[in-house]
Amino acid sequence: MQRFSAWALARNALSGQTGWQRQWRTPEPAPKYDAVIIGGGGHGLATAFHLARDHGMRNIAVLEKGWIGGGNTGRNTTIIRSNYLFNASSSLYDHAVKLWENLSQTLNYNVMFSQRGVMMLAHNVHDEQVFKRHVHANRLNGVDNEWLTAEQAQAFCPPLRIDAGMRYPVLGAALQRRAGTARHDAVAWGYARAADALGVDIVQNCAVTGIMRNAAGAVEAVQTTRGRIETPKIGVVAAGNTSVVMGMAGVRMPLESYPLQALVSEPVKPCFPCVVMSNTIHAYISQSDKGELVIGAGTDAYISYSQRGALHVSTHTLEAICELFPQFRRMRMLRNWGGIVDVTPDRSPIIAKTPVPGLYVNCGWGTGGFKATPGAGHLFAWTMAKDEPHPINAPFTIERFRDGFLIDEAAAAAVSH
Amino acid sequence: MLLIPCPYCGPRPEIEFAYAGEANIARPADPAALTDDEWAAFLYQRSNPRGLHAERWRHAHGCGRFFNARRDTVSDLFQDSWKPGEPAP
């Protein structure tokens, strides 16, 4: 792998930028691997990276039916935070935030992680009580989160309107300062490059069409559009398509897939310093380094794989944003799209072994998987390599639905649920 | 926004409707007789197909009634809809 550094930049600037290599190979799939990851998004690529780096499994492949990072990794609003309520969740998401903090160095790739702060607005007494409970729970778990008055919230985010004439006045806000954003494409590319350098085959345009099991019930191969690949371990990291892929192995999942929308405005000069979200009136906004306002809208009501959403869903969000930030009322939106998110009944993910030997699944991240990318990759790789969960993801099994140990983050999972 | 065929009122815009999940999931007659796995499957497991999906809708801002429909989850096109209790077309 050609390392990026100030020296490399200078040398290539002087040689007319002709010295750069391709960042990862385009290999043909081999007939046999020690492990196969289905899904080349951020989570799948991070899993491959950690399998290769931490567990010495280098004869592995990531199979992606489209192009890497072209699914939800390239469609999300890039928010990273860990202010979840329950112990299991806050340790899971904070594990990821800690990895985010060094990710650019780990991958030798600038993922543009920016801890600009995520502020969640309270508009009524119930919000205020819930957020204060979150603040206290987070601080007991060692996760930073603090309560701001409306005036302090406006000082942190000057475009915010806090006057009493609003339909839903701002009473205060919970602020996690370590939270922020990262460049989503760079996360996929950085992990792909680092995994490829460790010998991982990243096979794009290769859809899995079947999962073969042997007489003992264990997985033995995957059938793909580019041939059969034998492997004793399969990690399914297929986000919205998880139910479909797991169905190939005969496993029914506690998942439903919904379109989640996002949209961006025309690019403007820096005008918005942090991330602001409001669960109650459903606003969700930040500004990318390119200058676009990045806005997260809600999910559609019905399951769908269409990767589109209805206009009334994004209109609802834009109305809330115009109310909170009147300066944006004349902004024009450039693009709007949908990603398919797999939602569990308790809105917490599944990172676990399955009833099928050799089959592992990382899914159910719903509307908030991007923030967990490094942590999920690390924990899922651990689970696959050791055939047992890491203590952090031990509660996030499929069996929790049978055993009644749900991790009910529906209220904490910000907007969209 | 979808145009949804209510079998009572005809095609109406999606905002008049509430989605009510996968169709044909009957509550077991004797829950106490079920194993934990069977009960969890009833409560939580869903088909979530990529393709034709039988689902329930309620015309919340219209006739207020539940009905069944089949929709392709990739194109979002409705194939048909029918009243509860009637056989699927």
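Below, chain A is the first sequence line, B the second, and so on; all start at residue 1.
In terms of heavy atoms, Ile303(A) sits closest to Pro49(B) at CD1-CD, 4.1 Å. Taking every heavy atom of both residues into account, Tyr258(A) and Tyr19(B) meet most closely at OH-CE2, 4.5 Å. For Arg308(A) against Val74(B), the heavy-atom pair with the smallest separation is NH2-O, 4.5 Å.
No other option in Thr242(A), Val244(A), Leu255(A), Thr344(A) has as many heavy-atom pairs under 4.5 Å with chain B as Leu255(A). With respect to chain B, the highest number of heavy-atom pairs below 4.5 Å among Gly309(A), Ala301(A), Gly404(A) belongs to Ala301(A). Options Gly240(A), Ser306(A), Pro259(A) differ in how many heavy-atom pairs under 4.5 Å they form with chain B, and the most are formed by Ser306(A).
A 4.5 Å side-chain heavy-atom check between Arg71(B) and Tyr302(A) finds at least one atom pair inside the cut-off. Using a 4.5 Å heavy-atom threshold, the side chains of Glu14(B) and His312(A) count as touching. Residues Asn241(A) and Arg50(B) have side chains in contact (heavy-atom distance under 4.5 Å, counting atoms from C-beta outward). Counting heavy atoms from C-beta outward, Tyr305(A) and Asn48(B) have side chains that approach closer than 4.5 Å. Side chains of Phe401(A) and Asp37(B) form no contact here, defined as non-hydrogen atoms less than 4.5 Å apart.
In Tyr8(B), the OH atom is crowded: over 12 heavy atoms of neighbouring residues, nucleotides or ligands sit closer than 6.0 Å.
The parts of Ser47(B) that come within reach of chain A are both its backbone and its side chain, each placing non-hydrogen atoms under 4.5 angstrom from that chain. Heavy-atom distances place no part of Ile398(A) under 4.5 Å from chain B, backbone and side chain included. Contacts between Leu43(B) and chain A at a heavy-atom distance below 4.5 Å are absent for every atom of the residue. For Glu38(B), no part lies under 4.5 angstrom from a heavy atom of chain A.
Salt bridge status for Asp36(B) with Arg402(A): absent, with no side-chain N to carboxylate O gap under 4.0 Å.
Atom CZ of Arg46(B) sits about 13.5 Å away from atom OG of Ser257(A), to the nearest 0.5 Å.
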